[in-house]
Each structure stands twice: as C-alpha cells, then as structure tokens.
Number of protein chains: 2
Amino acid sequence: MQVPKKTGNSKLVKKLNKEEVLQQVVLHGQISRADISKQTQLSRPCVSALVDEMIQEGLLQEVGMGDSKGGRKPILLEYNYQAYAIAGAIFEGSTLDMAIANMKGEFLARYRKRLAQPANGETVIEDLAAGLDRLLRESGIPRERLLGMGVGLQGVTQRGSGTVSFSPSTGWMGSPIQQTIEARLGLPVIIDNDVNMMTLGEYVRGAGVGHTNVVYMYVGTGIGAGIILDGQFYRGSREAAGEIGFMMIGPVHNRPNGASGVFETHYSIPGIQEQAKGFLSDLQEGSSVIEELIRHAKQHAEAKELLADVYRHWAYGMANIISILNPEILILSGEMVHVDGEGVKQIHEWLREWVPEVPNLEKASLGERAGLIGAVHSVLEAFPFTRLLDKE
Amino acid sequence: MQVPKKTGNSKLVKKLNKEEVLQQVVLHGQISRADISKQTQLSRPCVSALVDEMIQEGLLQEVGMGDSKGGRKPILLEYNYQAYAIAGAIFEGSTLDMAIANMKGEFLARYRKRLAQPANGETVIEDLAAGLDRLLRESGIPRERLLGMGVGLQGVTQRGSGTVSFSPSTGWMGSPIQQTIEARLGLPVIIDNDVNMMTLGEYVRGAGVGHTNVVYMYVGTGIGAGIILDGQFYRGSREAAGEIGFMMIGPVHNRPNGASGVFETHYSIPGIQEQAKGFLSDLQEGSSVIEELIRHAKQHAEAKELLADVYRHWAYGMANIISILNPEILILSGEMVHVDGEGVKQIHEWLREWVPEVPNLEKASLGERAGLIGAVHSVLEAFPFTRLLDKE
DNA sequence: ATCTTTGTTAGTAATGTTAACTAACTGTGT
DNA sequence: ACACAGTTAGTTAACATTACTAACAAAGAT
C-alpha cells in the first residue's frame, strides 16, 4: 500500500498551494502575483516563488503589464494552455471519434473513422493508435507533450479497475483493457462509459457549468444517467449508480428482456418504437424517433396519445430522481433534446405539481461533442496540473 | 471570507498528520508509537512529537506496556475518550430525549421529558437548558469539557444556515434558531432533521458501520431517507435530498393532501392506516400498525392483500433508490423494522428480479437510540478531534 | 554477548512567514 | 514642468515551523 509520502518538508502543502495559485490564474484569465496573494491568503514572496517555478515548468506565462492602480504596474500572468495536450476518443456505434485538445479543452485536431464490424478488440486498439498518430501529426504536437487519453464507450465499464465487461462496439471483454492500451500507446489512459463522459462534458463546458449537483439524463438505445453531487462524480458502490433504466416505471409486469430494466424496456427509444410499431414503421437511418413521433402526433390521435404517455413516464423518472437527489439542474440528453418547447413545458408543469423542489430543466448544449469533451476532461481531472512535474 | 491560513510553517500538514495519528489510535484501540509510524508512513520521531503533544492536550494516554516482539517493549497508547463530552437532544412527538456522551459516543447520562403541548419555542429552549444542566450534574462533567450539542427534530431544517422552517413539536419557526440556542447554552449547536440524525447514528454505530454508500429508508408518519455517499452525507442543493415520499409510486391520480408526495400519501403509516380502515380500526396508542397488519393477514384475505401491496410498493421505492444510487446497504427503519423475515425475503426476491445490483438489506439496529447517537456524532464530526486546541 | 525493537536526540532540508527593501507609477502643490 | 509624497508590485533576507535522516540509548529476546 503506497501512501503518498508527506515528506517532512512537506511537498503536500506546496502542491496544494501551487494548485490554488494555478486555479486563480485559470479563474481570472489574467492576474498579477499581488492579486493572487490577496485571493489565496498566501504571502507575496511565496506566490512569487511558486509562480516562478510554474513559469519554469511552462505552465504559466508573463503576458505584459496591467493598468496601474496608483503604483507600479502589475505583471500579468496567464495560464499556458498550450503547455500540454490531451487526447480523447469516443466509440459510438461503429464509429470511432477522436480529438486532440489543449489544456483548455479546445480541440486542435479531430479524426473520425468507421470501424470494421463486428469489432475485433485487437484491431480496435490499433485503430486507436493510428488515429492518435494522425492527430499528433496534424496538430504538430510532439508526443512527449501528451498527458493522456480519455476513452468513452457504450457498455459496462469499471473505471476503478480499468476493465470493460461488455462492449460490442469495441470488442473488448473482461480483463483490464486499460493497462493494455496504456502499454500500446505509452500513455495514461482513462476508460469510462460514454454517458459518464458526456455528463462530464456537459458539467465542465455545457449546460451544467456553474452547478454542483447535476444529473444528466440520457435516453437513447438505453436509459441512463450521470450523477455529479457536491461537485464530485458519483459512481455508486459497484459503479452502477445512474442505472435509472431499472426504475419501476411503466407496466411492471411486462418485461420481456431480462437484461433491461422496466423503465428502459418501455421508454427507451427501442421501447417507444415497439409501442409505435403500428404507425411509425419506416424510419430512415439516422432520423429521430421522437421528431417523427411529434410530427405524427399533429395528425394522428394514437401518436399523440403515445407521445403524452412517453412524456409522462419520462417525467415520472425525473420526479423520482429529483425526490432522491434534489439536484440543481437536470440535463436532458439523447433523444430528449428533440422534445419541443411545448413538451418541456408540459413536463415542467407536472413536476411542479408532484415535487417541491423542481430543478432547472435544460437540454444538453454540446450536442455530439459532449462525449469527446468529457473524455478530454477526464484526463485533465486526473492530472491536476501541477502533478505534471512530479515525475521526479 | 476567512480562508484557513496555511501559515507558512504550515500547521495544515501537522493537523492532518495529527488526525491521522489519532485515527490510527482510535482504529486499533491500543497501539504503540512505532506501529503508528509504520501505518502512517510518518517517521518515528515525528509520531513521537505529535503523540507527546496530544498527551499534553489530554487526547491520548499511555496505558502500559505491550508484548515484546524481540526487542524493547512498546508503550501502548489509548485514545482518552473521557477528554471531552458531547450532548445530544432529540424531539420526538411531544417528548424531549437528551443524553450526554463521551467521545466514543457512549452515553454517560440520559434524560427524558414530556413537553407541554402545544409547544412554545421559548419554553422549549429553557427545557433544553434545564435538561443539559441536569445531565451535567448527573454525569459530573464540568461544563468547560462540553464540546457542543446536536439537536434533532421532526420537521424541515436547513442545517447550513441553522434555521428550522417547520416544526410543530418544538414550536420553532423560521429565523436562525441555532444561534439563539447557542447563545442561551453557550455552546456550539448543530440542528438537523431527525431522520438525518438517525441516519448518522446507524452509519457510525449501527447497521451502516463499514460501508461508504448508505441509504437509510424511514417509514413512519412520513417517508424519508438519509443518504451517505462516498462517506459523505449528501443533502442536496436545497437540503431536500432524500425526500423519497415524493416519488411517483402508487395511485398517481389520488393525492388528496397537496403537501405530501404520492408515495408518502399511500404508503406511509397514516396512508396504510387509511387503506386498512375497514378492518384495522382500534389501535392502542404506541402499537405498531405493521405488526397489527401482519397479525390480521394470517386470517383475513383483505389484510393479506394490503400487506403484500404495501411490501410491493415499498420495494418499488427501494428499486428506484438502488437504480439511481447503487448503495452498498439499505437500512430499513421506522415501522419497516416490524416487517417479519418472510416479508424481507419476499422484498429481496423482488429486488433481485428487478435490479442488477441488490445491496444488503438490513433493519436499523440501534432502535430508538439511533437519533440520539447521531445527534452526538454530528457534534463529533464537526469537531475533528485536534481542532480542539486551535482555540488559540 | 549479540541481535531486535522501541523510543529519543541532534542536525538538516523544505516550505512559508514577516519585515524591509527596490522598482515603478499616480497625483498634487508649486 | 517638476519635485515629492503616497501607493502598489515584486524581491530579498532573516526567521519559524515542520518533518526528515542518522545516530544513539533503552530494554528485552535468543
């Protein structure tokens, strides 16, 4: 058991302070040493020393003078977002979507590839490696400046141990795949469920910005949720938190598929399609079931009825989540983003009737980029900046 | 904004290390300086210094020699549970239940009083003060050694701001009552909901010991839950987490009382009584509705049916909680402790059918003492041991 | 008598603090 | 226009605190 050694001379505090300084810089964009000192309660000499080190490390830059407030002009500091880069990868269906980003999370290059089906675990790793090479070439980032890669995929993952227990789209099964990929790429790798990655993306750059209790509700092939409580991602005791597809919502006695939950069986997209079989038969590839259903509902009573039923049961799910977690914001994603204004209004009204503390109800704002942004940030989170030079 | 000053010479690390040392002592009961050093990765001289200070402070004691393992005998250290004391108070219905405890949470004296009804806020504070005086006298603890008092009550509390917005049993309404009581008693006071206090009690001394993700489900006059995730109490963005009485479980269109949720309306004890009106009329004060219902169910079909219905809907509630939070353990409390073995087995079977990760299902193990124990620990939590001597 | 284990002492390295300094600029009175 | 006081930014130097390593003393096992 390796406990991080608080070496007597305690690097621990230094690290904390360094992170705090960096945080101030990131927060303010541009700030002087003196202002950092005021904000952090650290003495000016101390801030100076820490800043100087971080300039040496390439994390900070002096970018000119600020305006005087009646004395010497301050030297403004800026976070050097270019110091390092991060890669992200998302498997969605049969496509692999990758990007390389700076430390602000801005994409520097992007790459997409259709994978051969059915997926073969080993080939997929090679695809990942090839994609990374290409991104590095395209962006001109040298490999040494890459901090790591975040990988999101549909299926069942155990982020803690780095294993993937079920994932048809990648062909990875059991065994700690994370280490295998790390070995192949020579990089730290973080593997997580795609919904979790999207949740993280929306939390740091999308609809969730500024909130500390966020639930990201996703309805697509399945129904799931990502949960951030008091600013921390909550995963549950066996990484099964947010499996809201198993809530007891809908016709309880009708659950043909043993692997799916009751809610998911009836109110995920396949479940809805099944219910709409009579009148919603011919769907083009890539079109939205909900959009189609809304269109039909304008003319056909049975479609209108089904749509209302779907909204109502989704709202039941939200009410349960809200009762238990009292989040500040509930982010609607997946096919839910196609619900029209009227639908959202209806759902909101129901919730106001049912529960005392209705959170903000907002649609996901990052679209398909959410997952990639989250994947990139999963690495940033794991590398709280100053840990960089701990390689000693 | 007062940020805890990491004085250059950093007391912060020292405090952390001191707490770690103390934790080792508490964990092992008796332990030597050398063993603490091995466990904590702190050097032996450092441990010695910290221990000596804590002996000065009265927090630790040397209690004799241990067995030699081939060398000098170790001097065993013990946590001095008597160093300070904590008071706890619980308002339940019209009775006030108080106790004074040592730092292990062991009760040293207890006191109960029936309050005049209807409760008058100011008189109740005097009752609290009188009770505390009596407990101090009885236990022989000098007032200076009292760290604080935890107060639990039925109603709506905002622990953050120390206000009570609705509480018939104490007559406290709005306004930050916590400060008022602190001024009257001359002690730090923590005010919280009774279910939260019971949750904390079971977490630290009852069924929840050893788990980090715990949900405490309470069915009584209302239905509520206390939630501990990753070892932290989770309260929600407006302290409304765990209001599971508002889940959409049961007959959705039948909610006569606007203030209660759907689940609570039908499946709390008053709700069940309402449903059982036909055959469960004459209940003595203090007897258990569930016990009576179980007795009736052995002979009468309608009682049997209702009981099964109650169990089933409680199980729905559990399934929803489990789907969202994936806790390690679900503690059943309130009237749920009267469910017999068969009932628990039935519920467990349902859950195994419905959700993938069924947690331990355990009845609350502390009985009516849970709330008081929790109240006492709420103070201990707020006083992480070594903060004691920070009064400088 | 030698080896082990526990606990302490002495000297050192790391970190951050305060006090005092230099640098650089604003504003005011003449 | 210009000197000078006042203000703000950043640095230097001396000091305090903390925990470390190395060496030693104490006490017991073999």
Side-chain angles (χ1 to χ4, degrees), chain A residues 3-21 24-25 28 30-56 60 62-77 386 389-390 392, chain B residues 3-21 24-25 28 30-56 60 62-77 386 389-390 392:
Chain A
V3 175
K5 201 163 185 180
K6 290 152 209 151
T7 82
N9 349 322
S10 192
K11 305 235 160 159
L12 193 150
V13 178
K14 186 171 183 183
K15 193 145 119 191
L16 285 175
N17 288 340
K18 238 165 152 178
E19 268 173 35
E20 205 168 342
V21 167
Q24 289 300 324
V25 178
H28 291 85
Q30 298 194 331
I31 191 172
S32 68
R33 292 170 173 82
D35 282 342
I36 295 174
S37 167
K38 280 174 205 151
Q39 294 281 329
T40 59
Q41 306 278 10
L42 288 165
S43 65
R44 287 210 308 274
C46 178
V47 170
S48 277
L50 296 177
V51 163
D52 289 351
E53 268 185 53
M54 289 162 81
I55 288 177
Q56 283 300 313
L60 293 184
E62 298 188 338
V63 288
M65 299 301 200
D67 284 343
S68 161
K69 289 169 230 160
R72 173 173 170 176
K73 282 185 183 167
I75 305 171
L76 293 182
L77 299 165
T386 46
L389 280 247
D390 277 15
E392 6 140 14
Chain B
V3 175
K5 201 162 184 177
K6 290 149 211 157
T7 84
N9 347 320
S10 191
K11 304 234 161 162
L12 194 151
V13 178
K14 187 173 183 182
K15 192 144 119 192
L16 285 175
N17 287 340
K18 236 164 152 178
E19 268 172 35
E20 204 169 344
V21 166
Q24 288 300 325
V25 178
H28 291 87
Q30 298 195 329
I31 191 171
S32 68
R33 290 170 175 82
D35 282 341
I36 295 174
S37 167
K38 279 175 205 152
Q39 294 280 328
T40 59
Q41 308 277 10
L42 289 164
S43 65
R44 289 207 309 275
C46 178
V47 170
S48 276
L50 296 176
V51 163
D52 288 351
E53 268 184 52
M54 289 163 82
I55 289 176
Q56 283 301 312
L60 293 184
E62 297 189 337
V63 288
M65 299 300 201
D67 284 343
S68 161
K69 289 170 230 161
R72 174 173 170 177
K73 282 185 183 170
I75 304 171
L76 293 181
L77 299 164
T386 45
L389 280 246
D390 277 12
E392 8 140 12

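- Atom P of nucleotide dG10(D) and atom CG of L76(A) are separated by 8 Å, given to the nearest angstrom.
- For S32(A) and G71(A), each mapped to the nucleotide of DNA chain D holding its nearest heavy atom, the one lying further toward the 5' end belongs to G71(A).
- For the pair I36(B) CD1 and dA19(D) P, the computed distance is 14 Å after rounding to whole Å.
- The existence of a salt bridge linking D35(A) and R44(A) is excluded, since no basic side-chain nitrogen approaches an acidic carboxylate oxygen closer than 4.0 Å.
- Atoms NZ (K14(A)) and P (dA13(C)) sit 16 Å apart, rounded to a whole Å.
- Under a 3.5 Å cut-off, the side chain of S37(B) and the backbone N or O of L42(B) do form a donor-acceptor pair.
- For the pair I75(A) CD1 and dC25(C) P, the computed distance is 11 Å after rounding to whole Å.
- Place M65(A) and S43(A) on DNA chain C by their nearest nucleotides, and S43(A) ends up nearer the 5' end.
- Taking 3.5 Å as the limit, the base of dT5(C) and the side chain of R72(B) contain no donor-acceptor pair of atoms between them.
- Across the interface with DNA chain C, nearest-nucleotide mapping of A49(B) and A49(A) shows A49(B) to be the residue nearer the 5′ end.
- Ion pairing of E19(B) with K14(B) is absent here, as no side-chain N (NZ or NE/NH1/NH2) approaches a carboxylate O to less than 4.0 Å.
- Regarding contacts with the backbone of dA19(D), a side-chain N or O of N17(B) is found under 4.0 angstrom from either OP1 or OP2.
- S68(B) comes within 4.0 angstrom of sugar-phosphate atoms only, judged by non-hydrogen atoms across all strands, and of no base.
- Across the protein-nucleic acid pair, R33(B) atom CZ and dA19(D) atom P stand 16 Å apart, rounded to whole Å.
- In this structure, R44(A) places its CZ atom 14 Å from P of dT7(D), rounding to the nearest Å.
- Side-chain contact check for T40(B) versus N17(B): every heavy-atom pair is 4.5 Å or farther apart.
- Relative to the axis of its first five pairs, the axis of the last five pairs of the helix from dA1(C)-dT30(D) to dT30(C)-dA1(D) sits at 10°, rounded to 10 degrees.
- Under 4.0 Å is where a charged nitrogen must lie from a carboxylate oxygen, and between R33(B) and E62(B) at least one such pair does.
- Here C46(B) contributes atom SG and K18(B) contributes atom NZ; the two are 11.0 Å apart, rounded to the nearest 0.5 Å.
- Summarising the geometry, the separation between CD on Q41(A) and P on dT17(C) is reported as 10 Å, rounded to the nearest angstrom.
- Comparing dA19(D), dG16(C), dT6(C) against the side chain of L50(A) picks out dG16(C) as the nearest.
- Nucleic acid contact for P45(A): base, since at least one base atom lies under 4.0 Å from a heavy atom of the residue.
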Check the pair I75(B) / M65(B) against side chain to side chain contact (heavy atoms under 4.5 Å, CB included), numbers first and verdict last.
CA-CA 5 Å; I75(B) 304 171; M65(B) 299 300 201; 3.9 Å; yes

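- Contact check, K38(B) against dT6(C): a side-chain N or O comes under 4.0 Å of OP1 or OP2.
- A straight line from CG of D52(B) to P of dT6(C) spans 17 Å, rounded to a whole angstrom.
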